[in-house]
Every structure is written in C-alpha cells, then in structure tokens.
**Q** 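Let me begin by handing over the structure; questions about it come next.
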Amino acid sequence: MIVTLDPPASVADRPATPLGAVRDWVTPALALLGAAAAFVVGFVDLGKRDLWNDEFATWHGATLSAHQARMFIGNIDLVHGFYYLLVRGWMVFAGDSPAGLRFLSLLAVSATAALIVVLGGRLFDRAVGAVAALVYVALPVTSRYAQEARSYALVTCGAVLATWLLLRALERPARRHWWLYGASIVAVGWLHFVALLVLAGHLFYVWRTAGGPDRRWQWTTVTGTSTLFVLPLLVLASGQSGQISWIKGDWTAVRKVFAELVGGVPMLAVVVLFLLLGAALAAQRRPAVFMLVIWAVLPPVFGYATFTLLHLFMARYFLFTVPAVALLVAFGAVHSGRLVARPVATAAGLAVGLAVVAGLAFAGLPAQRTIRTSTLEGQPSYVAATRYIAEHAQPGDGVAFNDGFGGPTDLARKATDYQFRNQSAATRPRDVFLAQAARDRGWLTALECADQVTCLGDTQRVWLIETGHIGNQFEGLPPSRANLLQSAFTVKHLERFEKVRVVELVRKSPH
C-alpha cells in the first residue's frame, strides 16, 4: 500500500482539513521527523561556541539568590525575569555548561518544528506542513537561536503553540480549549511581550473565519483577560527601556535584521518570491495566508516604526515571525508545483517544496558554519583567556580588567566569574579592584574601589585581561590605576588570544 502525503489534484481547492481528520499516524510521524531534523541540525556543535554577552547575562540572572533576583529584575531586566526562573529550574537537570544552558532552546526549536507540521496541516495540508518545518530548519537563524541560551526560541515555540490552540478552540470551543489558548498568550507575554503582536494575525483570522459573534466574543474575552496578566509587566518594563536605547533603526539596522532573520540577499529573494506566490495562490485559504502575512510582516514593521520610542528593532525580537515565513514559503512552493503539473500534483508539489528546502539549506551553509565559530558578535575569546588564567593561576593571585570591548556591560568580569564558578573564593584569583559585585547590587556591572591601593593590598601577581586597545595594555584604564599597576608591577608575560590579551603582572621587588 502506498501512503501519500495528500490527495492529488483537488487539494489546492478544498476547504481547510478538519482537525480530527489529520489525527492519524501520518501527521504525528511527520511532526516527529520535523522535530528530529531540527534537533539534529541544532545539536551539531551545540557547546562549541563561547557564551557571549547575552548568554552570560542569562547565567548571571539564573544564578542569583531570591533577594538578588528581585533587585536585578527590578532594576534592569524585568522582561526576561520569567525566562531566568525557567533556566534556574532547568539547570538543576542540565547544569550550566554552554551546551546545558542552550539545550532548553534546542528543545524549543525542535518542538516548534513539530508544531509547524501540525499547524500547516490544519491551515493547509500535510505536505505544506512538512515542507514548512524543513524550511524552518534550513534557515540559519533557526540554528542560531537553537544554540542560544536566551528566551527567543521559547517565545517562538509559544507563538506557534498559541496559534494552533486558537484553531482548536475555534473548531471545538470547549472552555478548556479557550483556557489553554489564554494561558499560552500569558506565557508568550511573560517570555517576551513583543511576541504578543501575533495576536493581530489571530484577530484577522477570527474575524474572517469565526462562525458567528459568539466565537468572536469568546476570543475577545480570552485575549483581553490574558493580556491583563501581562499588562503590569509592560508598564513596569517601560521604565527600563533605557537599557536598549542603543538600538538603531537606520538602513544598516534594516539590512542586518533581514540578513539575520532570512540569511542574506539570495535567501531573501527566494523567500520573497514564494511569499508572493503564496499570497497569489491563496484562493479559499486567503484567511489563513493573510493571517500568516500579518504575523510575519507586522512585527518588524511595528518595530521599525516605533524604534525611536520603544527601541525594539532587533532581529532576535522578531524570531517568532520565522514560522509564519516558513509556512508561507512552503505554501507558495508546494502549490505552485501542483499548478504546474496538475496530473501529478502531489509529487510535483513536494518536489518543488523539497527543492526550495535544498536551495535554502545550500545557500545557508556559510551562515551555518559562522554560527558555530568560537565567538559571536565580534566578541573577544574571553573563554580562552579565562581558561588560560585558570590553568596558570595560584591561590593569592589577583585579576583585573581593562576591557575596552565589553566595559559598559562588565563582560570580562562575567566571563571570569563564569570560568571560576565552581571554585572557592580561596582558590580563584581575587578581583582586586572590586568593591561590590554586580549580583549584590542588582545590576550587570560591578562597583569598583575608590581606594585602589588598599583594594590591591599586597597581591603579588595580577592577571590583567585586556581588550580593545592597540599597543600599551594599560591604555584606557583610569590614570590612577594605570600608574599604580605600572609603578608596582612588571610585565612578566603576555599571552594573546582572539581579540584579547592576558598580561601577567608580577610585583616588583622592594629596593
């Protein structure tokens, strides 16, 4: 017996498949295959790349005490507070290695691929759902955030899940289905409120497809009630918007957003082509297609239009739009193939869809390799530098920082804290110019000593981590600190790593 993914010729014109009709072994099998593909691609070199600035912030936020966490999210990072709580629980099982911290995102990406199969089958048909999941996996941005210890993969999974729960609630409007949909909205808002823009697409779909005013009233009631649970977060987080005021909305930023989300100009051309084909071939599926268009297009447009006020125009904030893009591309590819070869519509649609997947995967190979390099966002190799110090330091040594690259966020300090996280205070190098640690003051930056001579004490050896300066390793330090180190210490050795130097300073012998 031959099992086909879909009936042949007439499938493009038939109405959406009832939810119960796809509850057979084919759809779950395809969903598992999609999840497996996402897992395998995302798992390759999962722990190879160094943690970068934002991931250090995740580790920092997830390892705070209850009192420290209240100060931290109250001062600077309320938006990610719920995510830090999830990671804290996750670390009990997975640990805090780079792979352990990222594994939660990998699972979220795998679940998203499975949900795309199911959602595509519900909105269109199984072939579109299966191809859409593969498109999602082929895009480099999927691997990028599968290997990122931040909330964005979970946000994306939540947006897809919420959309599927909406379809189920509209078709089977039992109270529990609406409650689950409402709970998913709350979870998405708590993970990252920008993703609530997916509700604009939901609104359009409900308005166009709901069988009567009762369904629309149910949706309005549920979403209104759910957003009330997110509203306090929005109000309080607005007071912390200065933390992202550096985000730009110029032409360079626009190009960067599209390059990160899609993977470059060639891939963007393919995506746009099949997006337009999908919109042109919508026919009876127009509500579904245009819901996906709103989901895919509105968030970045909104971010760009409001960047001077809200500072939200960043690719990672719009990661939750990628599943909608994947579904639209798959719909355009599969249905254009069916139109071209009607006598063998099923095979032709799959062939075109898989060809698009192969093309995207091939075009994305350079980006896939870049994602798995040792550092990200031009960041110095702090891990290599701090590992070197760990291998050579002895009890009683000190560490100091001249971090021209990550100074504003205390990046070198966070990297050092992470490297020595399992060592006692007696065996790890002492941060000689530290007055109050970042975690004790509820910020990402520490408070440094005013009396530097007293803080330095009689430390005999200091490891200076230096970045962002050419030539003199003391350039960029406060003049008093530079003079103190140069007068009291001599440079014994200098070790170079990628964009970072470790300077071994040994106290001069008294005359």
Side-chain angles (χ1 to χ4, degrees), residues 15-19 111-112 115-124 128-129 132 136 152 154-231 233-234 275 278-279 282 284-303 312 317-328 331:
T17 305
L19 188 63
T112 301
L115 286 167
I116 287 173
V117 174
V118 179
L119 182 60
R122 175 62 185 85
L123 290 173
F124 305 113
V128 172
Y136 174 71
Y152 308 110
L154 274 75
V155 173
T156 303
C157 185
V160 179
L161 177 62
T163 305
W164 181 78
L165 289 172
L166 170 65
L167 301 183
R168 188 173 70 159
L170 289 172
E171 186 168 303
R172 298 184 176 185
R175 182 175 297 178
R176 67 180 182 277
H177 294 162
W178 284 112
W179 274 106
L180 287 172
Y181 172 62
S184 69
I185 293 173
V186 174
V188 167
W190 283 355
L191 283 168
H192 205 280
F193 59 82
V194 176
L196 290 179
L197 289 170
V198 74
L199 294 178
H202 292 184
L203 171 62
F204 175 86
Y205 189 79
V206 170
W207 187 259
R208 289 295 306 272
T209 64
D214 287 347
R215 298 286 188 276
R216 295 169 185 166
W217 176 248
Q218 286 172 320
W219 181 83
T220 303
T221 302
V222 169
T223 53
T225 304
S226 300
T227 51
L228 287 177
F229 287 91
V230 185
L231 188 60
L233 175 67
L234 293 174
L275 279 174
Q284 286 95 338
R285 308 299 179 83
R286 196 170 301 277
V289 167
F290 279 90
M291 175 186 71
L292 294 175
V293 169
I294 294 170
W295 177 359
V297 174
L298 176 64
V301 170
F302 176 83
L312 297 174
Y317 296 165
F318 310 131
L319 184 68
F320 70 95
T321 67
V322 174
V325 172
L327 283 162
L328 288 167
F331 177 77

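Index from 1, following the sequence. The basis for the numbers below is simple: all heavy atoms, side chains too, and nothing from hydrogens, waters or symmetry mates.
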**Q** Below 4.5 Å, heavy atoms only, C-beta onward: do L191 and F320 meet side chain to side chain?
**A** no
**Q** So do T223 and I185 actually touch side chain to side chain, heavy atoms under 4.5 Å?
**A** yes
**Q** Working to the nearest 0.5 angstrom, can you tell me the gap between R175 CZ and W178 CH2?
**A** 13.5 Å
**Q** Provide the closest heavy-atom pair for L327 versus A132 in the form atom of the first, atom of the second, distance.
**A** CD2-CB, 3.6 Å
**Q** Do W295 and T163 come close enough that some side-chain heavy atom pair is under 4.5 Å?
**A** yes
**Q** To check you understand the geometry: which heavy-atom pair defines the closest contact between A296 and V325, and what is its length?
**A** CB-CG2, 3.8 Å
**Q** Within a strict 4.5 Å, meaning less than it, do heavy atoms of the M291 and L123 side chains meet?
**A** yes
**Q** What's the separation between atom CZ in F318 and atom CZ in F302, rounded to the nearest 0.5 Å?
**A** 9.0 Å
**Q** Return the CG to CZ distance between L203 and R216, rounded to the nearest 0.5 Å.
**A** 10.0 Å
**Q** Please report the interatomic distance OH(Y317) to NE2(H192), rounded to the nearest 0.5 Å.
**A** 5.0 Å
**Q** Identify the two heavy atoms, one from T209 and one from P287, that lie closest to each other, and give their separation to 0.1 Å.
**A** CG2-CB, 3.6 Å
**Q** Could you give the distance from CG (L292) to CG (L328), rounded to the nearest 0.5 Å?
**A** 4.5 Å
**Q** Just checking F204: does its CZ atom have more than 12 heavy atoms from other residues, nucleotides or ligands closer to it than 6.0 angstrom?
**A** yes
**Q** Can you confirm whether V155 sits close enough to V194 that some side-chain heavy atom of one is under 4.5 Å from a side-chain heavy atom of the other?
**A** no
**Q** Side-chain contact test, heavy atoms from C-beta onward, threshold under 4.5 Å: evaluate it for L170 versus W219 and give yes or no.
**A** no
**Q** As an exercise, state the distance from CG of L119 to CG of L115, rounded to the nearest 0.5 Å.
**A** 8.0 Å
**Q** Tell me, do Y136 and V160 make a side-chain contact under 4.5 Å, heavy atoms counted?
**A** no
**Q** State whether the side chain of W190 and the backbone N or O of F229 hold a donor-acceptor pair below 3.5 Å, judged by distance alone.
**A** yes
**Q** With a 4.5 Å limit on heavy-atom distance, are the side chains of V230 and V188 in contact?
**A** no
